[in-house]
Amino acid sequence: MPNNNQHPTLTGAEILWASLAGEGTTTVFGYPGGAILPIYDALRKFPTVHHVLVRHEQGASHMADGYARASGKVGVCMATSGPGATNLVTGLATAMLDSIPMVAITGQVSSKVLGSDAFQEVDITGITLPITKHNFLVTRAEDIAPTIREAFQIARSGRPGPVLVDITKDAQQATAIYDFDAAKPKAYRPHPMLRAESSSIKQAIELIKASKKPVILAGHGIVESGAEREVIEFAESQQIPIASTLLGLGAIPAAHPLQLGMMGMHGESWVNEAIQKADLLLAFGMRFDDRVTGNLASYSPNSKKIHIEIDPSEINKNVKADVALIGDLKEVLRLLLPLLSTNIYPLSKIHSPWLDEINASKGTASVRDIINLPDNGHLYAAHVIHDIWREAQAAGRLDDTIIVTDVGQHQMWEAQYFKHEAPRSLVTSGGLGTMGFALPAAIGAKAAQPEKDVWVIAGDGGFQMTASELSTIVQEGYAINIAVINNGFLGMVRQWQETFYDKNYSASPILSPDFVMLAAAHGIAGANVSKRADVTPTATKARTSGKAFLINFQVEKEDGVYPMITPGAALHEMVRRPVHDPLLETAEDE
């Protein structure tokens, strides 16, 4: 084919890398295999893109996810066909449920043998259809650039999400003219622009002005929209307290006087009570997940609801909205703010009868018993989380610290005891609740933010699921701090068995290797800690070592996360730590 436009003729594999580089990709997480070898062969021609060799393809998808959460950019991972592609599935589902922008590239058998059950052939587009925002099967080299550019646009536009691009081997090997600019997809708006004169805007303004007990529900959409400043300006000008979802933590600084804390199943009691008493809920970029609402029939029964959401499918899905404002949160708030009174109160002067009522409801609940227990030789996970936070704060590194958690009790303790002051400082799997997420996601976060301190906080169960990625850390030279909260159980499973299954601990006790020796086998230094006095100095040692460091925290075995809303209970019907908790009594008696 003649090249009249002076654009180069490249192989499909080269077009892929050139397109990724053109989209600003500098890091790709992946694992090679037969159906994607032409792409890996072409990688040497593109030195601006660094490839991180993972130990399992699931790790690649979690690394791309962590990279995206920590940076706000599109994360990229790749794998070969068949089992390589299917190993990405859990990571794609994790990203889908939490609205994370990600592009996954998979190799596929040649187009002429598609559908013949060829070696390592699998219908990955069919498999991932429910867990991706969109996916593509590319069989021609000339379609690679337009597809990659469209995949990036889809991944990061509107409500973000993962996109999979499956490329046949013959498309990788064939040649085509490469024109990056010509491959640009058409711009589109996923929703019509709201206007100040819109009836829904007018209704929202009326509800806000009439409200006496409003609460903002701050979700992950605040971070994805980059609307942190607008939310704070809105809350301060109207003196509205803010309750955060798990993924919304850090969007509003924990120290802000209007920040109440986390809502939901393991949230603060006064936060949930405030939501139940509210006369207006302003849902900012959150989807009313069941872990946030409790029993829907009794959820905030006397409040009107204003739901600002970029995805129309979330409106009225779980909680009926009185006013729905469809659009990007930052844009909608910029529309609302000039229509409301904009008195700017000094933070020290923020005051209202409603805030007084909420503060009065805190009582002693805001002073956590475990944190304030004297050191009697018992180490609790809450101690560990609190002291890691305190160490980062004392070192002036709090805004430069990213915590990446796994899933389970330690995840909820982290949300309760680590006070996040900056957006994108907490990386965690919310919607899917993926054990094994933390270690690989931390690698992605460190690749995205190499100057920040990255901490893995994982349980002994979840950590073992992806511990092979310790060697990836060493090979890349990443200084990642790893805290294993080791209680000898699948902790959240054990707590539910204690509460709902008469302490029948079926399959929840777990045997673990010596984690410090395991780390050493990978070339990572470590330490065992079983006393609270050793937590802070060991955390400092890890943070300042300049290398990866693992700490095995041997904590109390049968501790529980409190408060807790049991399934089917209302949001305000929280189970608090038992007054006569045997663990606390033992610690006090010794």
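Predicted model, so just to flag it, every value in this text is computed and none were measured. Counting begins at 1 with the first residue of the sequence.
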| Residues Cys77, Met63; criterion side chain to side chain contact (heavy atoms under 4.5 Å, CB included); working and verdict | CA-CA 8 Å; Cys77 61; Met63 289 177 205; over 6 Å; no

| query | Yes or no on side chain to side chain contact (heavy atoms under 4.5 Å, CB included) for Tyr67 and Val74, after CA distance, side-chain angles and deciding distance? | reply | CA-CA 8 Å; Tyr67 183 96; Val74 177; over 6 Å; no

| query | Is there a side chain to side chain contact (heavy atoms under 4.5 Å, CB included) between Gln393 and Glu421 once you walk through the steps? | reply | CA-CA 10 Å; Gln393 183 187 48; Glu421 304 293 342; over 6 Å; no

| Stepwise, does the side chain to side chain contact (heavy atoms under 4.5 Å, CB included) test hold for Val76 with Thr27? | CA-CA 7 Å; Val76 181; Thr27 306; over 6 Å; no

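Residues Asp123 and Thr125 have side chains that bring a donor and an acceptor to within less than 3.5 angstrom of each other. Glu414 and His420 are linked by a side-chain donor-acceptor pair at a separation below 3.5 angstrom, with hydrogens and angles left out of the test. Defined by atom type and a distance below 3.5 Å, a donor-acceptor pair is present between the side-chain atoms of Ser471 and His522.
No more than 12 heavy atoms of other residues, nucleotides or ligands lie within 6.0 Å of NZ in Lys541, so this atom counts as exposed by the packing criterion. Atom NZ of Lys184 is surrounded by 12 or fewer heavy atoms from other residues, nucleotides or ligands within 6.0 Å. Around OH of Tyr31, the count of heavy atoms belonging to other residues, nucleotides or ligands within 6.0 Å does not exceed 12. Taking a 6.0 Å sphere around CZ of Arg291, one finds it holds 12 or fewer heavy atoms contributed by other residues, nucleotides or ligands.
With contacts defined as side-chain heavy-atom distances shorter than 4.5 Å, the pair Leu114/Leu137 qualifies. Contact of the Gln464 side chain with the Phe515 side chain is registered, since non-hydrogen atoms from C-beta on lie closer than 4.5 Å. Residues Thr11 and Gln173 are not in side-chain contact: their nearest non-hydrogen atoms beyond the backbone lie 4.5 Å or more apart. Put simply, the side chain of Thr405 does not reach to within 4.5 Å of the side chain of Phe418, judged on heavy atoms. Contact of the Val223 side chain with the Leu247 side chain is not registered, since no non-hydrogen atoms from C-beta on lie closer than 4.5 Å. In this structure, Leu217 and Thr245 have side chains that are not in contact, with every pair of non-hydrogen atoms separated by 4.5 Å or more. Side-chain contact check for Ile39 versus Trp17: some heavy-atom pair is nearer than 4.5 Å. Counting only heavy atoms from C-beta outward, the side chains of Glu224 and Ile310 never approach each other to under 4.5 Å.
For the atom pair CG (Asp406) and CD (Gln411), the distance works out to 8.0 Å, reported to the nearest 0.5 Å. Once rounded to the nearest 0.5 Å, the distance linking OG1 of Thr544 with CG of Asn481 reads 9.0 Å. If you take CD1 on Ile105 and OG1 on Thr80, they are separated by 13.0 Å, rounding to the nearest 0.5 Å. In this structure, Thr175 OG1 and Leu10 CG are separated by 9.0 Å, a value rounded to the nearest 0.5 Å. Between the CD1 atom in Ile551 and the CD1 atom in Ile485 there is a gap of 9.0 Å [rounded to 0.5 Å]. If you take CG on Asp170 and OG on Ser111, they are separated by 3.5 Å, rounding to the nearest 0.5 Å.
The backbone N or O of Leu53 lies less than 3.5 Å from no partner atom in the side chain of Gln475, so there is not a single donor-acceptor pair. No donor-acceptor distance shorter than 3.5 angstrom exists from the side chain of Glu121 to the backbone of Gln108, with no hydrogens or angles considered. Within the 3.5 Å criterion, the main-chain N or O of Gln120 finds a donor-acceptor partner in the side chain of Ser81. Checked by atom type and distance alone, the side chain of Gln153 pairs as donor or acceptor with a backbone atom of Lys186 at under 3.5 Å. With hydrogens and angles ignored, the 3.5 Å screen pairs no side-chain donor or acceptor of Ser110 with any backbone N or O of Lys112. At least one donor-acceptor pair closer than 3.5 Å links the side chain of Lys133 to the backbone N or O of Ile154. Distance alone, capped at 3.5 Å, is enough to place a donor-acceptor pair between the Asn87 side chain and the Pro83 backbone. Side chain of Lys446 to backbone of Trp455: no donor-acceptor contact under 3.5 angstrom is found. Panel note: side chain Gln172, backbone Gly12; no donor-acceptor pair is recorded below 3.5 Å.
At a threshold of 4.0 Å, the pair Arg156-Glu23 counts as salt-bridged, since one of the basic side-chain nitrogens sits closer than that to a carboxylate oxygen. Ion pairing of Arg390 with Asp387 is present here, as a side-chain N (NZ or NE/NH1/NH2) and a carboxylate O approach within less than 4.0 Å. Note on Arg334 versus Glu331: no salt bridge recorded, every NZ/NE/NH1/NH2 to OD/OE distance being 4.0 Å or above. Using a cutoff of 4.0 Å between basic side-chain nitrogens and carboxylate oxygens, Arg159 and Glu314 are scored as salt-bridged. Salt-bridge annotation for Arg69 and Asp98: present, with a side-chain N of the basic residue lying under 4.0 Å from a carboxylate O of the acidic one.
Val456 and Ala438 get closest at one heavy-atom pair: CG1-CB, 3.9 Å. Here the closest non-hydrogen pair linking Ile388 and Ala483 is CD1-CB, 4.2 Å. The shortest non-hydrogen separation linking Leu432 to Leu97 is N-CD2, 3.7 Å. Taking each heavy atom of Met96 and Ile131 in turn, the nearest pair found is CB-O, 3.4 Å. Between Gln58 and Thr434, the closest heavy-atom pair is NE2-CG2, 4.4 Å. Scanning both residues, Ser425 and Gly250, for their nearest heavy atoms gives OG-CA, 4.5 Å.
Contacts of Arg543 classified as salt bridge (Lys or Arg N to Asp or Glu O under 4.0 Å), with partners at least two apart in sequence or in another chain: Glu391.
Sorted by first and then second residue, the ring-ring contact (aromatic ring centres under 6.0 Å, His included) pairs involving residues 136-170 (not counting sequence neighbours) are His134-Phe136.
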